[in-house]
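Atoms within each ligand, like the ligands themselves, are counted from 1 in listed order. In this text, all values refer to a predicted model and were calculated from it rather than measured experimentally.
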Amino acid sequence: MVTLIGLLAIFLVFSSSSTQLPPVVAQSSGPLEDALGGKGFDVAFPGDPLFVSSTEAFNRRYSVKPAAVAFPSTSQQVGQIVRAGYEFDYKVVARSGGHSYAAHGLGTEDGAILIDLSRFKHLKVDTDTNTAVIGAGNRLGEIVLGLSQHGRALPHGTCAYVGWGGHATLGGYGFTSRLWGLSLDAIEEVEVVLGNGTAVVASQLQNRALFAVPAPYLGIVTSIKVRTFAAPPSATIFNFNWHLSIKDATAAIAAYQRYVLTANIPAHLGIQGVITRASIQGNISFGLVGGWYGPSIELNGTLKGLIDAMPYPPRAMNFDTGDYLHSAENLAGGSLDTTTPGGRDTFYAKSLITPSRSPLSTAAIRAFVTTFATEGFASELGWWFIQLDLFGGRNSAITKPSTSSTAFPHRDALFGIQLYGSTRDNVPPYPDSGFTFLDNAVNSILKNSPREWDYGAYTNYIDDRQPNGASCLSYYKEGFETIKRIKRVYDPKSVFAFPTRWLSEEVAV
Ligand code: ABL
C-alpha cells in the first residue's frame with residue numbers, strides 16, 4: 001500500500017534539496033503518526049516504499065521491522081522524535097550508515113522508532129584550529145574526501161559506506177590508528193540528544209560523565225567535533241602472501257607476535273595478519289597487509305625483521321604508493337564514492353582482543369590455525385577471513401589513553417582479532433555450521449590460554465549470540481559499571497534500548 005506519506009517521502013528523497021520543500025504532512029491514523037507528522041521532517045511507516053528501502057539491514061541475517069523511520073535534520077527534531085518515543089512507550093534507535101554487524105541501527109526488536117541520521121551530513125573544517133565538526137550521518141568515504149580538500153585526515157576503518165556516528169563513538173580502528181589513535185580518541189566534543197529529548201554538548205569540560213561512555217545506549221550523537229591530522233604526503237599499502245601448512249602457519253603467526261612485542265615499530269606502520277582459506281586441506285593462506293604512512297624508501301627496512309622471520313619468502317607481494325587519498329581509496333576497494341547504494345552481505349562476525357601482558361601461547365596459535373586449515377577448509381561458508389589487527393606494539397597511539405578515559409577500554413591490547421564468515425554469493429541463509437566454526441576458533445584460543453586471561457572484545461564487531469562466555473565485561477571492562485550508573489541517570493526509562501538482549505539483562509540486574 002502506498003500512502004500519502006510514502007509518496008511524499010519518495011518525492012523528497014529524489015529531490016536534491018529536500019529541506020526547502022514543504023514539510024511532509026502525516027496521515028492521521030494513530031498517536032505515533034500524529035506525534036511524528038507535520039513537524040518539518042520526513043517520516044515513513046510500514047507499507048511506504050521509503051520505509052522498505054530504509055529498513056534493510058546490511059547484514060541479511062537480520063530483518064527487524066521498526067514502527068516508523070524518521071529523517072530529521074536538526075538536533076531539535078531528533079529531540080522531538082525521542083520525546084514521542086518516551087511519551088508513547090516506543091524504543092528509539094539511531095542509524096548513521098546502517099552497517100552494524102548485528103543490525104543494531106534498526107533496533108534489536110521490532111517496533112522501535114528509527115531515527116535515520118542520513119541528513120546529518122555537515123562536515124566543516126576549521127583551518128585555524130585544525131578541528132572539524134562532522135555530522136553523524138556522514139559515511140567514511142565522504143569524510144576522507146571532505147577532509148582531503150583541506151589536506152587533513154582522521155583515523156578510522158576502511159569501508160567507504162560505514163557511517164560515522166556508530167563507528168566513531170564506539171571505536172574506529174584503521175591502519176593509521178597506531179599513529180593517530182582510534183576515531184574516538186580524536187573526539188573533542190559531541191552533540192548528544194538525551195532520553196528526555198534535550199540536546200547537550202559533552203566534552204572533557206561539559207557533561208563529562210557522558211563523554212567517555214558508548215553513545216548508542218545513552219543518547220543520540222548527532223554531531224562530532226574532532227581534531228584532525230595532516231594527511232601524510234606519502235602512503236603505501238602493502239600486501240605479502242604465503243600458503244602455509246599448520247606447522248609453518250603456527251611458526252609464522254608466532255613470529256608475527258614476537259616481532260610486534262619486541263621490535264621498535266614506528267607508529268607510522270599499521271599492519272594486520274590475514275588468514276583465509278587455502279586451496280589445499282591442512283593449509284591456510286596467510287597475508288601480512290598494512291599501511292605505511294612514512295617515506296616509501298623506509299618501508300623495506302621497517303618490515304625486514306618481520307618478513308625475514310617468516311618460514312619462507314612470500315609467494316606474492318604488492319606495494320601501492322601514492323598520496324594519502326590514494327591509500328584510502330585502495331583500502332576502500334578502489335573508490336570512496338558512496339553516491340550509489342552499497343552492497344549487502346549475509347554474515348556472522350566476532351572478535352577477540354588479546355592482552356599484550358599475556359600474549360598468545362604457541363599451543364593457542366597452533367589450535368587456532370588448525371581450526372582454519374581443517375574445519376575452515378571444509379566449511380560450507382562461501383568465504384571467511386580472520387584479521388589479526390595490530391592494536392599495540394611499541395609507539396602505538398591506541399595504547400596511550402587510560403582505560404577509563406573513553407568508551408574503548410582495551411588499552412593494553414596487542415591484537416584485535418576479527419573473525420568473519422559469509423555465505424556463498426552473500427545471500428541468506430547463514431548456516432549453523434558457520435556459527436560453530438567461528439565459535440570453535442575463538443574457543444581454540446581460550447582453551448589454550450590462562451584461566452583468568454584478560455581478553456576483550458570490540459564493540460564495533462558486536463556479536464549478539466554471547467557464546468564463549470562473552471559478556472559486557474569483555475566489551476567494556478570496568479567501564480560497564482559506569483555505563484549502568486550513567487544510564488540510570490540520563491535514560492531512566494530506557495528509551496534507548498541496550499542493543500543486545502544479554503546486555504539489557506545484565507543492566508536490569
Ligand atoms: C572491517 O572492519 C575490516 O577492517 C575490513 O578489512 C573488512 O573488509 C570489513 N570490516 C568487512 O566487513 C574485508 C574485505 O571486505 C574482504 O574482501 C577481505 O577479504 C577482508 O577484509 C580481509 O582483509
Side-chain angles (χ1 to χ4, degrees), residues 57-62 96-105 139-141 143-144 154-164 166-168 170-178 182-184 237-242 253 256 270-278 284-291 316-318 320 327-336 338 342-353 372 376 379 381-391 398 408 410 413 415-426 430 434 438 441 457-463:
F58 167 66
N59 187 349
R60 299 182 66 186
R61 273 203 302 121
Y62 295 90
S96 295
H99 288 77
S100 162
Y101 276 14
H104 286 163
R139 312 274 177 147
L140 299 183
I143 294 173
V144 176
L154 276 175
H156 49 67
T158 56
C159 299
Y161 281 91
V162 166
W164 176 236
H167 188 71
L170 291 167
Y173 165 83
F175 286 147
T176 55
S177 289
R178 281 180 27 86
L182 304 170
S183 302
L184 60 65
I237 303 304
F238 60 86
N239 195 324
F240 298 83
N241 186 269
W242 294 261
I253 293 173
Y256 172 40
I271 189 162
Q272 67 188 185
V274 183
I275 304 173
T276 50
R277 177 153 40 196
I284 60 155
S285 162
F286 181 63
L288 285 169
V289 182
M317 60 181 124
N318 186 267
D320 180 14
S327 73
E329 277 166 357
N330 174 314
L331 293 174
S335 169
L336 292 162
T338 51
R344 297 166 72 198
D345 193 6
T346 304
F347 68 100
Y348 175 56
K350 55 203 300 164
S351 65
L352 180 72
I353 296 180
F372 305 115
S379 167
L381 289 174
W383 54 286
W384 49 262
F385 67 81
I386 313 304
Q387 292 176 333
L388 294 100
D389 291 320
L390 180 60
F391 279 21
I398 301 177
F408 180 89
H410 315 284
F415 293 124
I417 303 180
Q418 174 176 204
L419 304 94
Y420 189 110
S422 180
T423 57
R424 274 199 194 96
D425 301 322
N426 303 16
Y430 189 86
L438 297 182
Y458 180 35
T459 322
N460 275 349
Y461 299 150
I462 194 93
D463 170 10

Is there any N or O on Trp383 that sits under 3.5 Å from an N or O of ligand 1?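 Looking only at distances, the answer is no, because the N/O contact criterion of under 3.5 Å is not met.
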What are the two closest non-hydrogen atoms of Ser422 and Asp345, and how far apart are they?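 For Ser422 versus Asp345, the nearest heavy atoms are OG-OD1, 2.6 Å.
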Do me a favour and list the nearest non-hydrogen protein atom to atom 4 (O) of ligand 1 with residue, atom name and distance?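 Result: Tyr461 OH, 3.7 Å.
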In the protein, which heavy atom is nearest to atom 18 (C) of ligand 1, and how far is it?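 For atom 18 (C) of ligand 1, the nearest protein heavy atom is Phe385 CD2, 4.2 Å.
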Could you tell me whether [X] and [Y] have their ring centroids closer than 6.0 angstrom?
{"X": "Trp383", "Y": "Tyr420", "result": "yes"}
{"X": "Phe408", "Y": "Tyr173", "result": "no"}
{"X": "Phe58", "Y": "Phe347", "result": "yes"}

What distance separates Leu182 CG from Leu154 CG, expressed to the nearest 0.5 Å?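 So the gap between those two atoms works out to 12.0 Å.
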Between Asp463 and Tyr101, a side-chain donor and acceptor under 3.5 Å: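 Note: Asp463 and Tyr101 side chains miss the donor-acceptor criterion.
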With no hydrogens and no angle check, just 3.5 Å: does a side-chain donor-acceptor pair link Ser285 and Asn241?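 Note: Ser285 and Asn241 side chains meet the donor-acceptor criterion.
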Within less than 4.0 angstrom of ligand 1, does His99 place any heavy atom?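 It does not, in that no heavy atom of His99 comes within the 4.0 Å cut-off of ligand 1.
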Give the atoms of ligand 1, by number and element, whose distance to some non-hydrogen atom of [X] is under 4.0 Å.
{"X": "Gln387", "result": "3 (C), 4 (O), 5 (C), 6 (O), 20 (C), 21 (O), 22 (C), 23 (O)"}
{"X": "Tyr420", "result": "11 (C), 12 (O)"}
{"X": "Gln418", "result": "1 (C), 2 (O), 3 (C)"}
{"X": "Cys159", "result": "9 (C)"}
{"X": "Tyr101", "result": "1 (C), 2 (O), 10 (N), 11 (C), 12 (O)"}

For atom 15 (O) of ligand 1, is there a protein heavy atom at a distance under 4.0 Å?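 Given the 4.0 Å cut-off, atom 15 (O) of ligand 1 does not count as touching protein heavy atoms.
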